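Throughout, a chain's letter reflects where its sequence line sits, starting with A, and its residues are numbered from 1. As the structure is a computational prediction, the values presented were derived from the model and not from experiment.
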Amino acid sequence: MTDILIVAEHDAARLNVSTAKCVSCARALAGARVTVLVCAADAAAVAGQAAQLEGVDKVLTLENPANAPALAAVLAPQVSALAAPYALVLGPSTTFGKDLMPRVAGLLGAPQVSDIMALESPTRFRRPVYAGNALLTVESEPGTKVIGTVRMASFEAATGGGAAPIEKASVSVQLPTHTRFVSVSAAKNDRPDLQTATRVISGGRALGSADGFKILYSLADKLGAAVGASRAAVDAGYAPNEMQVGQTGKIIAPELYVAVGISGAIQHLTGIKDARTIVAINKDGEAPIFEVADYGLVGDLFQIIPEIERLVS
Amino acid sequence: MKRILVGIKRVVDYNVRIRVKPDGSGVITEGVKMSINPFDEIALEEALRIKERGGTEEVVVATVGPADCQAQLRTALAMGADRALHVQAEGVIEPLVAARALLKLIEREQPLLVILGKQAIDDDNGQTGQVLAALWDRPQATYASKLEISGGTARVTREVDAGLETLEVDLPAVITTDLRLNEPRYVKLPDIMKAKKKPLETLPLAQLQVEPRQQLKLVKFEPPPQRQKGIRVKDAGELVAALKKKGLL
Ligand SMILES: Cc1cc2nc3c(=O)[nH]c(=O)nc-3n(C[C@H](O)[C@H](O)[C@H](O)COP(=O)(O)OP(=O)(O)OC[C@H]3O[C@@H](n4cnc5c(N)ncnc54)[C@H](O)[C@@H]3O)c2cc1C
Ligand SMILES: Nc1ncnc2c1ncn2[C@@H]1O[C@H](COP(=O)(O)O)[C@@H](O)[C@H]1O
């Protein structure tokens, strides 16, 4: 038996799909016993959703008004106080988990494995390094507690159908007040979420302006696709930061990825390695993106994109 | 004295095409260009700008690693850092060890702010800043794209999956940088000469009483599976037809 604790990511109302992916990662291990921890001000709704995930054995709730909105400095002491019985403590490789889990590891003096692609045994893990240009297998000492973040593109979300018991947990730790939430600004749109969309269309520097991106939004809406961007496009202000795909942006695994006016730098390709089918549209036939594209089309995006839109309408 | 401590990690330059050694023991680093981790350049640039605005009196850079790392510390001094600390350590330095060593330097230097990169582009761990903040029991603000200091607090805008989040943290604190925080300056030739005279202190890890413990064994490195090279289509019509045939549209 390997006892695994998963720290749930949520927005107070809904459990993030990243948690269901952590469950799949944990479940890949034979003999895993999976507990999901929901830290919240009011955990009822989210705990209920976690309990329904197939493969979850137990849901723990830790309620405290200080847990909303989630701050790593506030959550970490609570998570580490509950960590004792677990061999593995996992969180998602999203900005939530990447921020929180190393703080937990620091408090516990435990090693962390970031971006787990495969849990090969309770002590053996595979993860990408050098922007995915190498895959590294690491091994911990048996008996050492390991903290991990789970690479989202490597796992399918666990499905519903479970009915795990929900228990209230409590810890007596002092929570810091040195870190205060001020605000979060998220651009609202009705498009699918970049990290879970089955189709993604991304634009690069070639789009030329925020206005230029409109042709991508228009096509994306026809296809029910999410829209992403290269770093160059985000840096130039053509698209907001949450749209960045790549080593330092989002790592995604859609069925279809269309790279439009993106050269295909290594740091960008890292983000799309797990896409099922990659399409590249670029006016430079020598662009490195063509080396990974399943379908390559050389030409001017400003002609091609509207044409595709007509053809799919 | 008001002081900012900046972490500098020596990494394989981001332009280098990484190759895994045939025996799987690592990646090829012989004869390969090494640089300051790009996120650490951003960290240093931010510290220098704070100093230029009068927000700090001194910028100290620090690295934990073998003797070779001094080259990157010299580059950091040429960029404008006042002083460098080299914690000498061999072999694999896990984030916990790097953070413990940095904590010792913090205890000595009493900085107002510690700025690290959000991740090192070699191990892609993205841990050290948060581990350090935990050990130090101070605030962390990771993935910073904007940093404003006033009095005893910092207001930090963070790049998160949802968009931009703003936190207020009491100082001292640990900040980790994202790409859009700033654009690092170029090093000028005369500055490289001047940097040779700036103080660089070497401290063995053992002297700081930090154990170079490695908790994760590196079993093997493998090249990632290669994608099959695909086909060229001649126009939008052919592309749409191909995607429809595969059930993708
Ligand atoms: C530490 C680090 C981390 C990074 N992280 C990321 C990351 O997470 N994500 C990321 O994307 N990048 C990242 N980068 C940046 C990366 O190296 C590239 O600079 C970036 O991806 C380039 O973006 P681009 O392809 O849009 O721009 P460019 O490289 O400028 O490419 C534009 C492309 O558009 C084509 N084009 C121009 N006009 C047209 C037209 N009319 N029709 C069709 N095609 C046209 C050109 O042929 C060219 O290939 C990172 C870099 C560093 C150093
Ligand atoms: N050996 C080191 N010496 C100095 N700083 C380091 C070291 N390792 C990590 N850091 C800092 O921590 C950041 C994150 O590194 P990592 O956790 O390895 O991804 C880096 O960008 C550096 O600022």
Side-chain angles (χ1 to χ4, degrees), chain A residues 72-73 76 94-96 98-99 102-103 105-107 109 111-115 128-141 144 178-187 223 231 235 240-242 248 250 255-256 273 277 279 291-298 304 307-308 311-312, chain B residues 12 14 18 20 27 94-96 99 121-127 130-135 138-140 142-143 145 155 159-170 178-180 215-224 227 229-233 235-237 239-240 242-243 246 248-249:
Chain A
T94 55
T95 51
F96 164 79
K98 289 195 282 194
D99 184 39
R103 191 158 179 127
L107 292 177
Q112 174 171 314
V113 181
S114 299
D115 304 315
V129 290
Y130 291 94
N133 288 298
L135 304 181
L136 171 61
T137 304
V138 297
E139 216 163 50
S140 60
E141 293 270 330
T144 300
H178 53 45
T179 306
R180 294 167 295 274
F181 174 85
V182 177
S183 62
V184 66
S185 74
L223 300 178
R231 174 188 170 188
D235 281 2
N241 68 282
E242 63 268 24
T248 51
K250 287 175 179 153
E255 293 291 314
L256 176 64
K273 280 204 161 86
T277 299
V279 173
E291 280 163 40
V292 300
D294 300 285
Y295 299 99
L297 176 50
V298 178
I304 293 168
E307 218 174 307
I308 294 176
L311 289 165
V312 296
Chain B
V12 173
Y14 80 94
I18 298 294
V20 175
V27 306
E94 290 183 352
L96 193 59
I121 61 162
D122 50 3
D123 58 39
D124 281 331
N125 276 326
Q127 301 172 19
Q130 299 90 307
V131 173
L132 176 61
L135 300 179
R138 292 305 307 165
Q140 69 189 45
T142 52
Y143 324 138
S145 66
R155 202 168 252 256
E159 294 204 1
V160 295
D161 289 341
L164 295 171
E165 182 188 82
T166 304
L167 294 183
E168 189 184 71
V169 297
D170 293 338
D178 216 319
L179 293 169
R180 280 170 282 276
Q215 298 193 86
L216 295 171
K217 191 170 90 191
L218 309 186
V219 179
K220 62 171 186 235
F221 288 77
E222 292 163 283
R227 287 189 82 98
K229 208 176 157 140
I231 56 164
R232 292 283 167 106
V233 290
D235 56 25
L239 177 62
V240 170
L243 295 178
K246 267 188 104 178
L248 290 163
L249 289 182

Choice from [options] maximising heavy atom contacts with chain A below 4.5 Å:
{"options": "B:L96, B:D235, B:V240, B:V219", "answer": "B:V219"}
{"options": "B:P95, B:P139, B:A236, B:A242", "answer": "B:P139"}
{"options": "B:L167, B:I18, B:L164", "answer": "B:L164"}
{"options": "B:I231, B:V12, B:L239", "answer": "B:I231"}
{"options": "B:G163, B:A133, B:P223, B:G126", "answer": "B:G163"}

Could you tell me which portion of [X] (side chain, backbone, both or neither) has an atom closer than 4.5 angstrom to a non-hydrogen atom of chain A?
{"X": "B:V27", "answer": "side chain"}
{"X": "B:V20", "answer": "side chain"}
{"X": "B:A99", "answer": "neither"}
{"X": "B:L132", "answer": "neither"}
{"X": "B:L249", "answer": "both"}
{"X": "B:I121", "answer": "both"}
{"X": "B:L218", "answer": "both"}

With side chain to side chain contact (heavy atoms under 4.5 Å, CB included) as the test, would you mind laying out the steps for A:Y130 and B:D122 before giving the verdict?
-> CA-CA 5 Å; A:Y130 291 94; B:D122 50 3; 3.5 Å; yes
Which of [options] touches chain B most, by non-hydrogen pairs under 4.5 Å:
{"options": "A:P111, A:G132, A:S140", "value": "A:P111"}
{"options": "A:L256, A:T248, A:V312, A:V298", "value": "A:T248"}
{"options": "A:K273, A:E242, A:E291", "value": "A:E242"}
{"options": "A:T94, A:L135, A:V138, A:V279", "value": "A:L135"}
{"options": "A:E307, A:R231, A:E255", "value": "A:R231"}
{"options": "A:A73, A:P240, A:A134", "value": "A:A134"}

Rounded to the nearest 0.5 Å, what separation is found between the CG atom of A:D115 and the CG atom of B:D124?
-> 7.0 Å
Hey, could you give me the CG/OG1 distance between B:L248 and A:T277, rounded to the nearest 0.5 Å?
-> 4.5 Å
Between [X] and chain B, with a heavy-atom cut-off of 4.5 Å, which part of the residue counts as in contact: side chain, backbone, both or neither?
{"X": "A:A293", "result": "backbone"}
{"X": "A:T144", "result": "side chain"}
{"X": "A:L223", "result": "side chain"}

Trace of the side chain to side chain contact (heavy atoms under 4.5 Å, CB included) decision for B:T142 with A:T95 | CA-CA 9 Å; B:T142 52; A:T95 51; over 6 Å; no
Could you walk me through whether B:F221 and A:V129 pass the side chain to side chain contact (heavy atoms under 4.5 Å, CB included) check?
-> CA-CA 9 Å; B:F221 288 77; A:V129 290; 4.0 Å; yes
For the student: nearest non-hydrogen atoms of [X] and [Y], plus distance:
{"X": "B:Q130", "Y": "A:K98", "value": "NE2-O, 2.9 Å"}
{"X": "A:V292", "Y": "B:R227", "value": "O-NE, 3.3 Å"}
{"X": "B:D161", "Y": "A:K250", "value": "O-NZ, 2.7 Å"}
{"X": "B:V131", "Y": "A:G106", "value": "CG1-CA, 3.8 Å"}
{"X": "A:S114", "Y": "B:Q127", "value": "OG-NE2, 2.8 Å"}
{"X": "B:Q215", "Y": "A:G109", "value": "NE2-O, 3.4 Å"}

Side chains of [X] and [Y]: closer than 4.5 Å at any heavy-atom pair?
{"X": "B:E222", "Y": "A:T137", "result": "yes"}
{"X": "A:N241", "Y": "B:L179", "result": "no"}
{"X": "A:R180", "Y": "B:D170", "result": "yes"}
{"X": "B:R180", "Y": "A:D235", "result": "yes"}

Under the side chain to side chain contact (heavy atoms under 4.5 Å, CB included) rule, what do B:N125 and A:Q112 come out as? Steps first, then yes or no, please.
-> CA-CA 8 Å; B:N125 276 326; A:Q112 174 171 314; over 6 Å; no
If you measure only the distance, is there a donor-acceptor pair under 3.5 Å linking the side chains of B:Q140 and A:D99?
-> yes
Within 6.0 Å of NZ in B:K217, more than 12 heavy atoms from elsewhere = no
